Structures are given as C-alpha cells and as structure tokens.
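For reference, the structure discussed in these notes is given below.
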Amino acid sequence: MTPQQRMIEEQIRGRDVRDPRVLEALGRVPRDRFVPESARHDAYADHPVPIGHGQTISQPYIVAFMTEALRLQPSHRVLEIGTGCGYQTAVLADLVREVYSVEVIAALAEEAGRRLEMLGYGNVRRHVGDGHHGWPEHAPYDRILVAAAADAVPPPLVEQLVDTGILVIPVGASNQELRVLQKHGTRVDLLATLSVRFVPLVRP
Ligand code: SAH
C-alpha cells in the first residue's frame, strides 16, 4: 500500500468519510506535490503541515470532511477562500466544473497557481484579495468552502451562494467550530458541525 492509499484507508475511510467520489479524488490528487520539498515525508501524515508564510496545508481528514459535506455535483461552480498551497483546490477541481479560489497572500496564490497548472488542473481561476468579500464577479456559486477561521459568517458569502447552496466555514477564535450551512431563501440552516483548529481568516 502506498502512503496515499494508507492515508485514505486509515484517516479518511476509517473515520467515516464514505462518499466514493471524494475517496477517489483523494486517491488521484498527489498531496506530496503540494507540500514544500522539505516536508515531502510528512505529506500523507495525520496532521497539518507548514507551507510557508505562517500557513499550513489542512490535515487530510479535514479536507475530506469538508469536501464530503459540500455534496458536490460535477456541474457545480465552487468558491474557495484560502487557496494556500492549492491542495484543497485540486481536490475540488477534480470533482466539479469550475473552482474560483481567493487567497490573501500573493506569493502563496502564485505558487499554487503554477503548481495547479503544472499538474493539469485547467478549471481553476484565482484571485488575490480578502476572502471576507467573496468574489462577486462570478457569483452565485453552488458551493463555498472557507479554509481559515472567521469571527462570524461573512454576509457576502451567504449572498453569493445560490438558493439551497452549501457553505462550509470554520467559525470562532480559540474554540473553533466548522459549520456546514445551507441557504434556504433568507434562512440559513445548520446541517452539521465539527470541532476544529484553523489559522485565522485575516483582515488585510
Ligand atoms: N486549503 C489550504 C488551506 C491553507 S490555510 C491548503 O490546504 O493549503 C488557510 C489559507 O487562508 C492561507 O493560505 C491564508 O493565507 C489564507 N487566508 C487567510 N485569511 C484570508 C483572507 N482574508 N482571504 C483569503 N485568504 C485568506
């Protein structure tokens, strides 16, 4: 078994992420290509890994949980906030029609862009800016994934979601909660939560 297959069996399937499409995507995306050279040996380990600029690539289980929670369809257009190294972006791009990814640190966005292009993910559009505002130009989105913890759910993200669209976002300071939210007209329903630890969504 490769380290990647072992990651999927032990950390993902073993913790009840069962959506076959999500498991297949995690099997296709080479996580080791998204971490710095010096951290390659840790690419499939059960924890976040530093990617420079004080940021980390999310733990594999968290990527899997968030991806499954989005209930993605191949036709979807997805907004991602916090491109980071581009790994979660690639998992999304493997599963849906189009991914729009916003990152506040220009150097990370550029590196991720080069990497995604080199690996053949042609359905990703990137933007450097503050994800609190979403990316209004391409709204509405079928799904939105936020990869850094917000103080509260930013209203523009809910506005930029289609009706019945799903938003996955970590909220809180020291005690963070990942919230899976679904928009129904003017109402937002809470579908699920998970206790998590993300880097903060900064206000540049
Ligand atoms: N999914 C990414 C997670 C990276 S960590 C990965 O697996 O690599 C969270 C990312 O959110 C960091 O790259 C950080 O720079 C970015 N970020 C923080 N605040 C932000 C903001 N206001 N707008 C956009 N991106 C932000």
Side-chain angles (χ1 to χ4, degrees), residues 4 7 11-12 22 25-26 29-40 42-70 72 78-96 99-116 119 121 124-139 141 143-157 160 167-173 176 178 194 196-204:
Q4 186 166 10
M7 170 195 88
Q11 302 174 37
I12 314 295
V22 173
L26 292 169
V29 180
R31 185 169 162 96
D32 54 290
R33 301 289 293 275
F34 289 85
V35 301
E37 198 82 53
S38 58
R40 284 276 153 90
D42 248 5
Y44 296 100
D46 193 13
H47 52 74
V49 175
I51 55 170
H53 306 273
Q55 305 303 321
T56 56
I57 177 175
S58 302
Q59 179 188 6
Y61 172 68
I62 296 297
V63 173
F65 181 92
M66 291 195 293
T67 308
E68 182 176 60
L70 287 175
L72 299 169
V78 179
L79 173 67
E80 178 190 41
I81 307 297
T83 318
C85 68
Y87 174 67
Q88 172 79 69
T89 320
V91 172
L92 295 171
D94 184 279
L95 290 167
V96 303
V99 181
Y100 298 83
S101 192
V102 179
E103 168 59 53
V104 74
I105 300 176
L108 278 177
E110 262 160 50
E111 261 175 65
R114 266 201 304 276
R115 205 174 271 135
L116 289 164
L119 293 170
Y121 297 97
V124 176
R125 298 182 66 175
R126 294 179 302 105
H127 172 66
V128 175
D130 180 5
H132 285 98
H133 308 303
W135 191 352
E137 283 80 359
H138 302 286
Y141 304 97
R143 301 290 188 258
I144 301 179
L145 183 156
V146 183
D151 301 336
V153 177
L157 298 186
Q160 291 170 31
L167 164 65
V168 178
I169 180 169
V171 178
Q176 296 173 8
L178 185 70
L194 181 72
V196 288
R197 240 166 86 194
F198 277 82
V199 297
L201 192 67
V202 300
R203 289 200 180 269

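Indexing begins at 1, ligand by ligand and atom by atom, following the structure's order. All values below were derived from every heavy atom in this structure, side-chain atoms included, with hydrogens, water molecules and symmetry-related copies excluded. If you're wondering where the values come from, they're calculated on a predicted model, not measured in any experiment.
- Residues meeting the salt bridge (Lys or Arg N to Asp or Glu O under 4.0 Å) test with Arg115, sequence neighbours left out: Glu111.
- Using modelled atom types, no side-chain atom of Gln176 and backbone atom of Pro200 make a donor-acceptor pair closer than 3.5 Å.
- Under the side chain to side chain contact (heavy atoms under 4.5 Å, CB included) criterion, Ala106 pairs with Val128, not counting sequence neighbours.
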**OP:** Please test Leu157 against Leu79 for side chain to side chain contact (heavy atoms under 4.5 Å, CB included), starting from the C-alpha separation and ending with a verdict.
**Re:** CA-CA 9 Å; Leu157 298 186; Leu79 173 67; 4.2 Å; yes
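- Every protein residue with a heavy atom nearer than 4.0 Å to ligand 1 is included here: Ile51, Gln55, Thr56, Ile57, Ser58, Ile81, Gly82, Thr83, Gly84, Cys85, Gln88, Val102, Glu103, Val104, Ile105, Leu108, Gly129, Asp130, Gly131, His132, Ala147, Ala148, Val199, Pro200, Leu201, Val202.
- Heavy atoms only, all atoms of each residue included: Pro36 and Ile51 are closest at CG-CA, 4.0 Å.
- For His47, the ring pair (Phe, Tyr, Trp, His ring centres under 6.0 Å) test picks out no residue, with sequence neighbours left out.
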